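Okay, so here's the structure we're looking at.
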Number of protein chains: 2
Amino acid sequence: MSTTSAALTRREQILKEAARLFAERGFHGVGVDEIGAAVGISGPGLYRHFAGKDAMLAELLVGISGRLLTGGKRRAAEARSGGDAAEALLDSLIEGHIDFALDDRPLITLHDRELDRLRDSDRKLVRQLQRQYVELWVEVVRDVYPAMVEPEARATVHAVFGLLNSTPHLSRPGPLPGRNAMARLLHRLARGAFAAAASNGAA
Amino acid sequence: MSTTSAALTRREQILKEAARLFAERGFHGVGVDEIGAAVGISGPGLYRHFAGKDAMLAELLVGISGRLLTGGKRRAAEARSGGDAAEALLDSLIEGHIDFALDDRPLITLHDRELDRLRDSDRKLVRQLQRQYVELWVEVVRDVYPAMVEPEARATVHAVFGLLNSTPHLSRPGPLPGRNAMARLLHRLARGAFAAAASNGAA
DNA sequence: CAGCGACGTTAATGACCGTTAACTCGCTCC
DNA sequence: GGAGCGAGTTAACGGTCATTAACGTCGCTG
């Protein structure tokens, strides 16, 4: 019961700070001494908790992909009821992804930025999880819009991920909508994109 | 007349290969020897053409942002005619951005991945160009959808950029639409997202 | 043909960085 | 109360890498 409590374990502290630093300056751009300093210990002390710098990145990326997929599967399972199930499930998937993108920006950033820095086996695992997540969406989308052909649906899902994951890229300047307004806006945009994808443009 | 000819200058070769390598493995992930090898010369020979590795990245990023902005401005200028000008201009901007995203994937990738690796002055310049480009879009979008408030329009434009720039992330596996089909699909998705943003969700 | 400038080459330098070694300290549990 | 262990510490090693130095070689020009 310790790992899920409010107070973070040392390991979790490290992972959280490492995620932030990796997202800010890239995997190769941050040294182990910096990660250590961010949690109040220094440099090689990290090796009591992780096998190496690579292991931290691997755990982060596998964790993200896994959590996304698990959340998606849970929502799909919960949706086995009602008649308009597909519509509701799509909304649920969108909502879940938005929550993730808005609340875990560093992880989202890492997710499609540092995948290539992984050992082959870890990268394969992450990619497999990502693929399953995409296929889950594709099925639901084709359930809602039966007219869509599969490659189109897959490309659309990727594009919508790009749309939903765009928030980390704009943090800095001027006036932006607040968190809830942003969540509603992104949801609307995603639905609009799917609807537009479905209206076949065979012109 | 040399820099725009079909045969690339040595400098341009280097930039092109550097862009590809940076996009594949990150700025810190590729060494100058690799870049040199990619154009048939070795390591330090690059310093006859560039002040350093940083200078290559800077030139790439400034070049991308500049070309995007220039293209956008040109399209805006060309659109000063006709009655439904705003609609057509938005379509033109979307089309231009899609062409760029589909034809210069490595540059698009670099564009929002390695900005933080720049010297302060270069980063400021790039960000300024990016901001101008965004504001150009925002104006056009608000012209087409006068009901949209500015922060909403700006967030939407960012999100649509995320959508249009999503193509580099999916190159590898299964069946995907071909280039032209993809361009049409992305265009439809973008228009759908804008339309959805405009339909105010004050529910 | 002297010479110079553009373009490369290899070798050396110096910094940085991930990882390991060796050691310390404080707590817990027989 | 001391054996053992979890969690840190600093110092050192080894490798990588951007950058510079020193040197060579064309090809053009006067």
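Not measured: the values here are computed from a predicted model.
Distance A:Phe22 CZ to C:dC17 C1': 13 Å, rounded to the nearest Å. Atom C1' of nucleotide C:dT10 and atom CD1 of B:Ile41 are separated by 14 Å, given to the nearest angstrom. Nucleotide D:dT19 holds its P atom 11 Å from the NE2 atom of B:His28, rounded to whole Å. Atom C1' of nucleotide D:dT10 and atom CG of A:Asp33 are separated by 11 Å, given to the nearest angstrom. When rounded to the nearest whole Å, the span between CD1 of B:Ile14 and C1' of C:dC7 equals 11 Å. In this structure, the CZ atom of B:Phe27 is 13 Å from the P atom of D:dC17, given to the nearest Å.
Side-chain atoms of B:Arg105 do not come within 3.5 Å of backbone N or O of B:Pro168 as any donor-acceptor pair. In this structure, A:Glu17 contributes its side chain and A:Val39 its backbone to no donor-acceptor pair below 3.5 Å.
Ion pairing between a basic and an acidic side chain is recognised when a charged N comes within 4.0 Å of a carboxylate O; B:Glu12 and B:Lys16 show no such pairing. Remark: A:Arg179 engages A:Asp99 in a salt bridge, criterion side-chain N to carboxylate O under 4.0 Å. Salt bridge A:Arg142/A:Glu135: absent, no basic N to carboxylate O contact under 4.0 Å.
Among the atoms of the strands shown, base atoms are found under 4.0 Å from some heavy atom of A:Gly45. The residue B:Val30 sits close only to the backbone: its heavy atoms come under 4.0 Å of sugar-phosphate atoms, none of a base.
Using a 4.5 Å cut-off on side-chain heavy atoms (C-beta onward), A:Asp91 and A:Glu95 make no contact. Looking only at side-chain heavy atoms (C-beta outward), A:Asn165 and A:Phe100 stay at 4.5 Å or farther from each other.
Using cut-offs of 30° and 60° on the angle between ring planes, the pair B:Phe161 and B:Tyr133 is parallel.
Listed pair A:Arg10 / D:dG8 meets the phosphate criterion, a side-chain N or O lying under 4.0 Å from OP1 or OP2.
Near DNA chain C, meaning a heavy atom under 4.0 Å from it, residues 46-53 of chain B has B:Arg48, B:His49 in order of number. In the region residues 54-63 of chain B, proximity to DNA chain C at under 4.0 angstrom, judged on heavy atoms, holds for none of the residues.
The list of side-chain hydrogen bond (donor to acceptor under 3.5 Å, both in side chains) pairs with a residue in residues 49-65 of chain B, not counting sequence neighbours, reads B:Arg11-B:Glu59.
Comparing C:dT20, D:dG8, C:dT9 by their closest approach to the side chain of B:Ser42 singles out C:dT9.
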